[in-house]
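One structure is given below, encoded as structure tokens.
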Amino acid sequence: MKQVHHPEVGEIGLTGVMAALSDPIRVGLVRVLADGRERGWGELRAPVAKSTLSHHLRVLRDAGLTRTRQEGTRCFVALRTQDLQARFPGLLQVVLAAAEDEEIGHQVSLKDDRQPA
């Protein structure tokens, strides 16, 4: 099983975080994960191919925004809220509020949501 790299808190850079958040799908993924729960990749619904979703999740992980855990053949992802707050206090809250105001990432949801696709 391949080990994935998760940057240490001190390695998380502002430009990497901002670059990762420059895509509406990735902002949507952060919005979905902001509830603090770990989610299986299969629970995430986005208007992209599975390979593209995997790419977006890798970008978020490499930037230090998320932590990925593999269990057998399943992968789980969680937002690194505490690490981001420690590194950039208030940044995540500002990004989430702005995304909500501008409706950025609204097309990303959980598969069990009852919202129309």
Side-chain angles (χ1 to χ4, degrees):
M1 201 170 305
K2 183 181 170 186
Q3 284 292 92
V4 295
H5 174 72
H6 295 97
E8 296 295 326
V9 174
E11 296 175 328
I12 300 172
L14 181 61
T15 55
V17 168
M18 298 307 288
L21 293 172
S22 68
D23 185 277
I25 297 294
R26 292 193 290 265
V27 171
L29 290 166
V30 169
R31 286 178 68 179
V32 167
L33 296 170
D35 68 0
R37 296 183 57 196
E38 180 182 68
R39 301 289 183 176
W41 285 17
E43 294 179 64
L44 303 171
R45 183 174 70 185
V48 295
K50 286 182 182 181
S51 60
T52 303
L53 179 59
S54 179
H55 164 76
H56 286 306
L57 290 166
R58 181 176 48 80
V59 169
L60 291 172
R61 182 190 70 230
D62 290 348
L65 287 154
T66 61
R67 183 167 302 282
T68 302
R69 176 178 67 85
Q70 191 162 5
E71 187 175 291
T73 59
R74 298 185 65 206
C75 287
F76 298 89
V77 63
L79 191 61
R80 293 176 63 179
T81 306
Q82 291 180 335
D83 292 343
L84 292 166
Q85 181 63 18
R87 186 75 171 110
F88 306 110
L91 178 66
L92 189 57
Q93 293 86 348
V94 169
V95 167
L96 291 170
E100 179 72 25
D101 286 347
E102 296 185 21
E103 296 183 6
I104 298 171
H106 69 277
Q107 69 274 44
V108 178
S109 62
L110 295 172
K111 286 192 176 178
D112 61 351
D113 281 354
R114 303 294 181 232
Q115 300 173 2

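Since we're looking at a predicted model, the values are computed, not measured. All values below were derived from every heavy atom in this structure, side-chain atoms included, with hydrogens, water molecules and symmetry-related copies excluded.
- Heavy-atom minimum distance, L57 versus T66: O-OG1, 4.0 Å.
- Residues L96 and V59 do not share a hydrophobic cluster, clusters being chains of Ile/Leu/Val/Met/Phe/Trp/Tyr side chains in contact below 4.5 Å.
- Using a 4.5 Å heavy-atom threshold, the side chains of P24 and V108 count as separate.
- Between R31 and G105, the closest heavy-atom pair is NH1-C, 4.1 Å.
- Note: D35 CG to T81 OG1 = 9.0 Å, rounded to the nearest 0.5 Å.
- Contact annotation: the side chain of V17 approaches that of L65 to within less than 4.5 Å [non-hydrogen atoms, C-beta and beyond].
- L79 places a side-chain heavy atom less than 4.5 Å from the side chain of L92.
- Checked for salt-bridge contact, R58 and D62 meet the test: a charged N lies under 4.0 Å from a carboxylate O.
- Side-chain contact between R61 and H5 is absent, with no heavy atoms from C-beta onward closer than 4.5 Å.
- The distance from atom CG of L33 to atom CZ of R80, rounded to the nearest 0.5 Å, is 13.5 Å.
- With hydrogens and angles disregarded, a donor-acceptor distance shorter than 3.5 Å links the side chain of Q85 to the backbone of G90.
- Between A20 and A63, the closest heavy-atom pair is CB-CB, 3.7 Å.
- Smallest separation of non-hydrogen atoms from K111 and L44: CE-O, 3.6 Å.
- S109 and V32 make their closest contact through CA-CG2, 3.8 Å (heavy atoms, listed as atom of the first residue, atom of the second, distance).
- Between F88 and G13, the shortest heavy-atom distance links the atoms CZ-C, 3.8 Å.
- A donor-acceptor pair is defined here as one N or O able to donate and one able to accept, closer than 3.5 Å; no such pair exists between the side chain of H6 and the backbone of G64.
- Within the 4.5 Å cutoff, no side-chain heavy atoms of F76 are placed close to those of R39.
- Heavy-atom contacts from other residues, nucleotides or ligands closer than 6.0 Å to CZ of R69 number more than 12.
- Residues V30 and V95 are not in side-chain contact: their nearest non-hydrogen atoms beyond the backbone lie 4.5 Å or more apart.
- L91 has its side chain within reach of L14: a pair of non-hydrogen atoms, C-beta onward, lies under 4.5 Å apart.
- When hydrophobic clusters are built by joining Ile, Leu, Val, Met, Phe, Trp and Tyr residues whose side-chain heavy atoms come closer than 4.5 Å, directly or via intermediates, V9 is not grouped with V4.
- Note that NE2 of H55 is 5.5 Å distant from CZ of R26, once rounded to the nearest 0.5 Å.
- Under the 3.5 Å distance criterion, the side-chain polar atoms of H56 are left unmatched by any main-chain donor or acceptor of L53.
- A donor-acceptor pair under 3.5 Å links the side-chain atoms of R87 to the main chain of I12, judged by distance alone.
- A donor-acceptor distance shorter than 3.5 angstrom exists from the side chain of E11 to the backbone of E8, with no hydrogens or angles considered.
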